[in-house]
Amino acid sequence: MVGGFIVSSFPRASMADFTFEQDTQIFRDRDALTEDYTPNTLVGRDDELEEFHAALQPVINDENPSNIFLYGKSGVGKTAATRYLLGQLQEDVQEVPGVSVTVVEVNCDGLNTSYQTAIEIVNQLRPHENQIASTGYPQSKVYQFLWEELDACDGTVLIVLDEVDHLNDDSILYQLTRARDNGNISDINLGIIGISNDLTFRENLSSKVRSSLCERVVSFSAYDARQLRQVLKQREEVAFYDDTLSEDVIPLCAAHGARESGDARRALDLLLMAGDLARKNHDEMVREEHVRQGKEEIEKEIIAEGISDLSEHARVLLRTLMNMTNEDATPARTQDIIPIYRKICEETGKDPVSVRSIRDNLAALSQLGITSRNEINQGRSGGKFTKHELVYEVHTVQSALASIED
DNA sequence: TTTCCACAGGAATAAAGGGCGA
DNA sequence: TCGCCCTTTATTCCTGTGGAAA
């Protein structure tokens, strides 16, 4: 046993393969490129911060805050702006006697239902030894726990629901936004901050939820390539030692982010991955080849993360599309995919699912951005149908699938 | 303007599985 | 242990869609 690791019995080349050495001096503070880092200033988000700040102002006056809805594409600074302003608010509140604020931040990705979200909020407000289980309670009981925990807080409670569009139902939004009117809470001011990447989410909410959740709406525009370079430059100064990036690294990462709809997170992830690869190779500088290699690694991670939650049959359909791509048979319409999918199921001893489920699985793959779909209408003789194809190279999808299945 | 085609996807429902409380 | 309540994944049934042809 060394440092808590149990030495396993599988064959190894030599113990020397696993020794640790001092890294090449590239990163000054690698964490500055991760999602958890909140910079001191947010580049190019002045208008958004001003609107958001105005919506939060009632908290410091111990007034009931407006519910706020933030929307914009992924990686445009919604979560960063929220953490930045709420951090500032919590600091400032300490200077004001008699005013307090409690922030509960919940990421709805992976929770899916109002029931699970309510449980997550309850557990964030409860001590570790008094947490409730993720299932088994009647819904009314879970809401009862929620009102009890909220009423036990002081002053203002702000509940941040990040990726709120991942919820399959809006019951929790209705319950929270109407909690005071319905007499479920009495002693606190409650504000909801909903964050969504889905620009249509707001329109799809029931009218009663839309009017109360979207009292204040802050729209975040996408970063352009110039702003992305500024964001990367700002992080470079904190994250890397001087003269450790070759001059084409930042423009390449910024161009990648700009291609991904102005997504700063993608650009920062690529810069982090390029730095990691340079360090792994014991190189003294991060160069263009690290960025290019990093881009492929990130694509693999995106696919692996997406398909890890998918059903077994969605993966079989992904294999079907890989086979069809290799045979130059994509873009392929659903009716052409189905017989090949069924053949693969037969060969692997699996029972194929219904056509309706195949459609759902193909839609899930497309929603994850692993495949793309194109609707075609050939009119009275041909009808309307969809064609599907892989977004990524077959070998990239293949190695992502292999990493999941290992 | 109406009809037709080939789906796409919403709604209702079932089955299986897991946690909780009595 | 059993009934209840929830989840996820699946099924069947049915309506909606929209461009081309009649």
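Everything numeric here is computed off the predicted structure, so don't read it as measured data. Scope of the values below: all heavy atoms of this structure, side chains included, with no hydrogens, waters or symmetry mates. Naming: A, B, ... by sequence-line order, numbering from 1 per chain.
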Practice prompt. Please name the residue in the list A:N374, A:T371, A:T334 that meets the side chain to side chain donor-acceptor pair (under 3.5 Å) test with A:H388.
Written response: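 Exactly one option meets the side chain to side chain donor-acceptor pair (under 3.5 Å) with A:H388, and it is A:T334.
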Discussion item. Less than 4.0 angstrom between a side-chain N/O of A:S357 and OP1 or OP2 of C:dA10, yes or no?
Written reply: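 No, because none of the side-chain N or O atoms of A:S357 sits under 4.0 Å from OP1 or OP2 of C:dA10.
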Worksheet item: Looking at A:R373, does any N or O in its side chain come under 4.0 Å of the phosphate oxygens OP1/OP2 on B:dG9?
Response: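 It does, given that an N or O in the side chain of A:R373 lies less than 4.0 Å from OP1 or OP2 of B:dG9.
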Fill in: Selected nucleotide, minimal atom distance to A:Q116 side chain, candidates C:dT7, C:dT12, C:dG19
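So the nucleotide nearest the side chain must be C:dT7.
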Discussion item. Quick one, A:E305 and A:E301 - any side-chain contact, counting heavy atoms below 4.5 Å?
Written reply: no
Find the distance [X]:[atom1] to [N]:[atom2] and express it as a whole number of Å.
X      : N      : atom1 : atom2 : value
A:I376 : B:dC5  : CD1   : C1'   : 15 Å
A:K384 : B:dG9  : NZ    : C1'   : 11 Å
A:N377 : C:dA21 : CG    : P     : 11 Å
A:K141 : C:dC6  : NZ    : P     : 13 Å
A:Y115 : C:dC5  : OH    : P     : 11 Å
A:R356 : C:dG16 : CZ    : C1'   : 13 Å
A:I358 : C:dT12 : CD1   : P     : 12 Å
A:L362 : B:dG9  : CG    : P     : 10 Å

Item to complete: Measure from the ring center of A:F240 to the ring center of A:F27 and say whether it is less than 6.0 Å.
Response: yes
Practice prompt. With rounding to the nearest 0.5 Å, note down the distance linking CH2 in A:W147 to CD in A:Q175.
Written response: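 Reported value, rounded in 0.5 Å steps: 5.0 Å.
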Worksheet item: Relative to the 5' end of DNA chain B, which residue comes earlier, A:K387 or A:G379, by the nucleotide with the nearest heavy atom?
Response: A:G379
Worksheet item: Which sits closer to the 5' end of DNA chain B, A:F145 or A:T334, going by the nucleotide each is nearest to?
Response: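 It is A:T334, whose closest nucleotide lies nearer the 5' terminus.
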Worksheet item: So what does A:Q378 hit on the nucleic acid, given a heavy-atom distance under 4.0 Å: a base, only sugar-phosphate, or nothing?
Response: sugar-phosphate
Discussion item. Apply side chain to side chain contact (heavy atoms under 4.5 Å, CB included) to residues A:N189 and A:E63 and explain how you reach the verdict.
Written reply: CA-CA 7 Å; A:N189 296 322; A:E63 297 162 350; 5.8 Å; no
